[in-house]
Structures are given as C-alpha cells and as structure tokens.
*Asks:* 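After the structure tokens below, expect a handful of questions from me.
Counting convention: from 1, in listed order, for ligands and their atoms alike. When reading the values below, keep in mind they use all heavy atoms of this one structure, side chains included, and skip hydrogens, waters and symmetry mates. Model, not experiment: these values are computed from the prediction.
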Amino acid sequence: MLKSIIAILFGLSLLTACGGGNSEAEKEPEIMAEESSEATLSIAGNDQMQFDKKELTVKAGQKVTLILNHTGTMAKSVMGHNWVLLTPGTDVATFAEKAVAAGEANDYIPSEGDAVIAHTKLIGGGESATVEFTAPVAGSYEFICSYPGHWAMMRGTLIVE
Ligand code: ZN
C-alpha cells in the first residue's frame with residue numbers, strides 16, 4: 001500500500017519535473033526514509049540495576065519492535081528486568097506497588113488497569129525479550145522496569161514524534 005503510494009507520488013514528480021532527471025533520482029531515497037513505518041529499538045539492563053538508555057524516540061503510528069537485553073549474569077529472581085511502557089499520567093509509584101503485588105509469576109505486570117501500553121516479559125542475566133507495539137500519538141511516555149524497587153533507577157522516556 002505504502003509502496004504503491006510512493007510509486008504514484010514519484011511518478012507524478014517525474015511528470016512535473018520534465019527534464020530534472022538527476023535530481024529526481026537523488027530524491028527517491030529520502031521519500032522512502034520518510035515513509036518508513038517500522039522502527040527497531042534496543043535497550044539493555046545490567047546487574048547494577050540500570051538501563052543503558054534514558055530516552056528512546058519513535059514516530060507516531062510506527063510499528064515498533066523493542067528488544068530488551070539483560071547484559072548481567074544474575075538470575076531473574078534477584079535481578080529481573082522487564083520494560084514496561086506506561087500511559088501518560090500514570091502515577092509510577094502507585095503502579096509499582098501494584099506490580100509488586102502482581103508478583104514474579106505475572107512478570108510484575110498488574111492484570112487490571114489500562115496503565116500499560118506495552119511490556120516485555122521479565123528476564124534474567126544473559127536473556128533477551130522482544131515486544132512489538134504500535135507507537136501511540138505524539139507525546140512523552142514513561143518506561144520502567146517493574147521488578148520490585150527497580151523503577152526508582154530503571155526509568156526513562158519514550159518520545160513519540
Ligand atoms: Zn529490573
């Protein structure tokens with residue numbers, strides 16, 4: 001669908017350009033880049049209870065693939081990490097309490113409520129997890145690790161442009 005729209009737009013620009021062949025050829029890659037509808041993000045958590053990134057950026061409506069890597073060696077039960085994207089306005093401290101109550105069996109993800117836009121499973125050292133979601137409307141969205149006590153250090157912002 002996108003490709004056919006791009007092809008039509010490109011065709012129209014060729015028709016109207018009439019003779020500017022060289023510059024049109026250079027424009028095509030730019031058009032393709034702007035229309036990119038997918039984004040892949042990666043973020044790592046370590047044994048020091050830290051994410052390696054405080055900020056991630058995507059564009060509204062993009063199909064996002066986020067890969068969480070646990071670069072430490074400690075077990076999930078003592079140094080578990082997940083990546084949880086929260087809706088704007090969520091009180092993180094209150095959410096974190098609910099996450100603790102949800103327990104490790106639920107990857108520290110509360111079952112009720114609409115505070116979670118997307119989340120990975122909980123992983124231990126050497127493991128990785130992937131989650132796919134559609135980037136919401138433009139704005140700033142907080143992400144955390146919801147393992148008990150981690151959110152104070154393991155938090156950041158997903159910027160949707
Ligand atoms: Zn963690």
Side-chain angles (χ1 to χ4, degrees), residues 1-6 28-161:
M1 179 66 181
L2 267 179
K3 278 181 182 164
S4 61
I5 292 171
I6 291 164
E28 190 182 16
E30 280 179 34
I31 292 169
M32 296 297 285
E34 283 173 23
E35 296 287 345
S36 175
S37 59
E38 294 180 14
T40 301
L41 305 173
S42 68
I43 188 167
N46 61 21
D47 283 345
Q48 284 72 49
M49 213 191 295
Q50 293 165 330
F51 280 134
D52 66 338
K53 288 169 189 162
K54 289 288 181 193
E55 202 172 284
L56 299 167
T57 304
V58 294
K59 290 183 166 53
Q62 274 186 324
K63 188 180 173 214
V64 181
T65 301
L66 180 130
I67 303 159
L68 169 67
N69 294 303
H70 192 319
T71 54
T73 58
M74 294 170 74
K76 180 169 83 170
S77 56
V78 292
M79 187 53 72
H81 296 320
N82 60 13
W83 185 88
V84 185
L85 184 63
L86 301 171
T87 52
T90 300
D91 184 293
V92 182
T94 304
F95 177 84
E97 282 175 25
K98 290 180 184 172
V100 172
E104 186 179 337
N106 294 305
D107 288 352
Y108 297 108
I109 303 296
S111 58
E112 57 23 274
D114 48 10
V116 177
I117 296 173
H119 71 88
T120 68
K121 65 177 184 178
L122 189 74
I123 57 173
E127 296 179 326
S128 64
T130 301
V131 61
E132 293 182 2
F133 62 97
T134 301
V137 296
S140 292
Y141 299 79
E142 255 193 305
F143 63 80
I144 63 167
C145 169
S146 68
Y147 184 96
H150 284 198
W151 67 274
M153 287 181 67
M154 300 186 74
R155 63 194 298 183
T157 307
L158 175 76
I159 295 170
V160 181
E161 295 178 332

*Asks:* Taking C-beta and beyond as the side chain, do Ser146 and Lys98 meet within less than 4.5 Å on heavy atoms?
*Replies:* no

*Asks:* Give the atom name of whichever N/O/S atom in His150 sits closest to the Zn ion (ligand 1).
*Replies:* ND1

*Asks:* Between Ala60 and Ala138, what is the shortest heavy-atom contact and its length?
*Replies:* CB-N, 4.1 Å

*Asks:* Rounding to 10°, state the angle centred on the Zn ion (ligand 1) that links SG in Cys145 with O in Gly80.
*Replies:* 100°

*Asks:* So, is Gly45 placed with an N/O/S atom under 2.8 Å from the Zn ion (ligand 1), counting both backbone and side chain?
*Replies:* no

*Asks:* By atom name, which N, O or S atom belonging to His81 lies closest to the Zn ion (ligand 1)?
*Replies:* ND1

*Asks:* Is the shortest distance from a Lys or Arg side-chain nitrogen in Lys59 or Glu161 to a carboxylate oxygen in the other one below 4.0 Å?
*Replies:* yes

*Asks:* Using side-chain heavy atoms (C-beta onward) and a distance below 4.5 Å, is Glu127 in contact with His81?
*Replies:* no

